[in-house]
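Read the structure below first, then the notes.
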Amino acid sequence: MAPKRRAQKSETEAPAKKANSEATRRSTRSSSKKTNTDLDHASTQVEDTIKPKKNPRKRANESSTKTQDAKPIPDTITADLSEGRSYWLMKAEPESRLEKGKDVKFSIDDLVAVEKEPWDGVRNPTARNNMRAMKKGEKAFFYHSNCKIPGIAGIIEIEDEHSVDESAFDPKHPYYDEKSSRDNPKWSLVHVKFLKKLEKLISLKELQKFYQPGEKLANMQVLRMSRLSVSKVSKQEWEFVCRELARIDPETLESIE
DNA sequence: GCCAACGTTGGC
DNA sequence: GCCAACGTTGGC
């Protein structure tokens, strides 16, 4: 799956990607114009990420607009914002597993083979909100989960910002969610593309070594909330993992920035 | 809006 | 297969 993730309910939604990624990709693409509903919520959620609790739903935009409206926003700020890139981590299952009869396997190697992939099937609000906050061009770690050696396998890029996840509308789809409808879509997806496969996977065990007070990954969201399938990665965490753990040389790193 | 019961995720 | 962590549900 691109998804990548198991859904929360019953088997209603599992992540199945793969087998149908072709079909899914096609269908999502044709329908990927964002609906208003999807857009409406777009700015809404970033904060869930911080406190994944019930429903934070305040509007990030409103407050920021308010604090800034003394002055119009100059272009330079807009530019700065675009440089204030976020980084992410997205989980997928690299080993075969059937969900509603469909294989949900999706690994970094599967991503290499396609032009871009709709990351559908995410059925957790916090994970979805993280996706809605993603901007085109931002980078994410591709994480292998629910497998022999879980860990970061590669780097991917957000190719298309969020749109409605239509897989939720199809009763036969592994990620079907009866509570989501075209009139009132509940789930979103982003399209990602392959950037780089790490020479050596950075295992969860390795990451956990730095998940301690004072250490470089002491606050990493995926370590704190191990069940979250789409999580935020700080710039410091990103650089530490890329440079110190993945040992990606500066040139290569620069080329993908 | 609280919270107990229940279901899911995902490492082990 | 176990089970800890945590999200969801639904009664109140």
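It should be emphasised that the depicted structure is a prediction, and the values quoted were computed from it without experimental measurement. Here is the naming used below: chain letters follow the sequence lines, and residue numbers restart at 1 for every chain.
The pair A:E166-A:R182 counts as a salt bridge, with a side-chain nitrogen and a carboxylate oxygen less than 4.0 angstrom apart.
For the pair A:H144 NE2 and B:dG11 C1', the interatomic distance rounds to 16 Å; values are reported in whole Å. Atom-to-atom, CZ of A:R128 to P of C:dT8 comes out at 9 Å; the value is rounded to the nearest Å. One can place CD of A:E178 at 15 Å from P of C:dT8, the figure rounded to the nearest angstrom. For the pair A:M90 CE and B:dG10 C1', the interatomic distance rounds to 18 Å; values are reported in whole Å. Between the CZ atom of A:R227 and the P atom of C:dA5 there is a distance of 11 Å, given to the nearest Å. Following rounding to the nearest Å, A:L228 (CG) and B:dG11 (C1') show an atom-to-atom distance of 15 Å. Residue A:N130 contributes atom CG, which lies 12 Å from atom P of C:dG7 at whole-angstrom precision. Put simply, NZ on A:K100 is 13 Å from P on B:dT8, counting in whole angstrom units.
Taking the six-membered ring where the residue is Trp, A:F240 and A:F210 present perpendicular rings, their angle passing 60° and hence far from 30°.
Between the side chain of A:R85 and the backbone N or O of A:K139, no donor-acceptor pair lies under 3.5 Å.
For A:S145, taking side-chain heavy atoms from C-beta onward, the closest of the listed nucleotides B:dT8, C:dT9, B:dG11 is B:dG11. Side chain of A:K179, nearest nucleotide from B:dC12, C:dT9, C:dG7: C:dT9.
Between A:Y143 and B:dG11 there is a side-chain polar atom (N or O) within less than 4.0 angstrom of OP1 or OP2. Within the 4.0 Å cut-off from OP1 or OP2 of C:dT8, not a single side-chain nitrogen or oxygen of A:K186 is found.
Shown here for A:K186 and A:R132, the closest heavy-atom pair between the two residues is O-NH2, 3.4 Å.
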